[in-house]
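A quick write-up on the structure given underneath.
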Amino acid sequence: FYLTQLNDINQKSGIMQLSGYFRTWWKDPRLAFNATANGGCFEEVVLMAGEGDRLWLPDIYFHTAVSKITDGFATLTSISPDGSVWRSEQTTFTVNSILDLGRLPYDAHTGRVVVASFAHPVSRVRLTARGGDI
């Protein structure tokens, strides 16, 4: 998740609202195609807004989410010749997170956001943080 804004923190309710881009990467060999170097017509396929919703999408959700808003926000899906897919969804969501703000403004916090697969067991799905710690 690429965080762009921390919208609200409600210590009493134990929730915080975040805005940003939920980005996912996966490989689907059924989407592979020939690039221009191999006689194809283009180097990547870019799908805007709802066009990318027609693809198979990982069933990833935020386990600690109270609500998620994506309606009317931007979505971009890019497919590479080898079938690699990159998807970015602009979203605002509210998550449960216990925060102790007693030392404000001289404190630091780590908000715990749990991401999981809805339908697949851990043995079939591998979720890893890209470019950062898990």
Side-chain angles (χ1 to χ4, degrees):
F1 185 77
Y2 179 79
L3 180 67
T4 58
Q5 188 170 356
L6 177 59
N7 301 325
D8 186 33
I9 296 175
N10 187 324
Q11 184 181 9
K12 186 175 181 181
S13 298
I15 60 172
M16 58 183 175
Q17 187 181 61
L18 312 167
S19 290
Y21 297 90
F22 182 54
R23 294 183 171 157
T24 50
W25 291 260
W26 71 93
K27 192 166 188 176
D28 187 340
R30 299 170 298 173
L31 300 175
F33 60 91
N34 287 331
T36 54
N38 296 324
C41 297
F42 33 81
E43 290 298 317
E44 73 175 322
V45 175
V46 177
L47 305 171
M48 305 295 287
E51 294 174 332
D53 295 343
R54 295 180 181 151
L55 300 175
W56 174 87
L57 300 173
D59 64 341
I60 302 209
Y61 74 100
F62 295 96
H63 182 69
T64 52
V66 175
S67 67
K68 180 180 174 187
I69 303 167
T70 56
D71 291 342
F73 288 170
T75 302
L76 178 66
T77 306
S78 175
I79 307 168
S80 298
D82 68 350
S84 295
V85 182
W86 172 79
R87 182 173 172 93
S88 181
E89 298 175 79
Q90 185 181 19
T91 186
T92 295
F93 66 99
T94 304
V95 294
N96 286 319
S97 187
I98 305 304
L99 300 172
D100 179 8
L101 303 177
R103 292 184 32 109
L104 190 70
Y106 305 104
D107 55 353
H109 298 279
T110 301
R112 186 168 187 245
V113 178
V114 178
V115 180
S117 170
F118 182 73
H120 302 291
V122 173
S123 62
R124 296 198 55 195
V125 176
R126 184 182 63 205
L127 298 176
T128 58
R130 187 174 181 107
D133 295 332
I134 296 177

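For reference, positions follow the sequence shown, starting with 1.
Side chain to side chain, D82 and S84 meet the donor-acceptor criterion of an N or O pair below 3.5 Å.
Within a 6.0 Å radius of CZ in F33, other residues, nucleotides and ligands contribute more than 12 heavy atoms.
In this structure, E51 and V46 approach most closely via the heavy-atom pair OE1-O, 4.4 Å. In terms of heavy-atom proximity, K68 sits nearest to T91 at CG-OG1, 3.5 Å. For Q5 against L3, the heavy-atom pair with the smallest separation is O-CD1, 3.4 Å. Counting all heavy atoms, side chain and backbone alike, S117 lies closest to D59 at OG-OD1, 2.8 Å. Heavy atoms only, all atoms of each residue included: N7 and L18 are closest at ND2-C, 3.8 Å. Nearest heavy atom pair, residue A37 against residue E43, reads N-OE2, 4.0 Å.
Although no hydrogens or angles enter the test, the distance criterion places a donor-acceptor pair under 3.5 Å between the side chain of T4 and the main chain of S19.
One distance of note links OG1 of T94 with CG of N10; it measures 10.0 Å at 0.5 Å rounding. The OG1 atom of T77 lies 4.0 Å from the CZ atom of R87; values are rounded to the nearest 0.5 Å. Here the OG atom belonging to S88 is positioned 4.0 Å from the CZ atom belonging to R23, to the nearest 0.5 angstrom. For the atom pair Q17 CD and L6 CG, the distance stands at 9.0 Å (nearest 0.5 Å).
Aromatic ring centres of F93 and F22: separated by at least 6.0 Å.
At a threshold of 4.5 Å between non-hydrogen side-chain atoms, the residues L55 and I79 count as touching.
Linking ILVMFWY residues whenever their side-chain heavy atoms come closer than 4.5 Å, directly or via other members, leaves W25 and V115 in distinct clusters. Hydrophobic clustering (side-chain heavy atoms under 4.5 Å, transitive across Ile, Leu, Val, Met, Phe, Trp, Tyr) groups L47 together with L31. At a threshold of 4.5 Å between side-chain heavy atoms, the hydrophobic network of Ile, Leu, Val, Met, Phe, Trp and Tyr places I60 and V95 in one connected group. In this structure, F62 is a member of the same hydrophobic cluster as M16, with clusters built from ILVMFWY side-chain heavy atoms closer than 4.5 Å. Hydrophobic clustering of Ile, Leu, Val, Met, Phe, Trp and Tyr side chains at less than 4.5 Å, counting indirect connections, keeps F73 apart from L76.
Classification of the W26-W56 ring pair by plane angle, with boundaries at 30° and 60°, yields perpendicular.
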Take H63 and Y61 through the side-chain contact (heavy atoms from CB on, under 4.5 Å) test and state the conclusion after the steps. CA-CA 6 Å; H63 182 69; Y61 74 100; 3.4 Å; yes

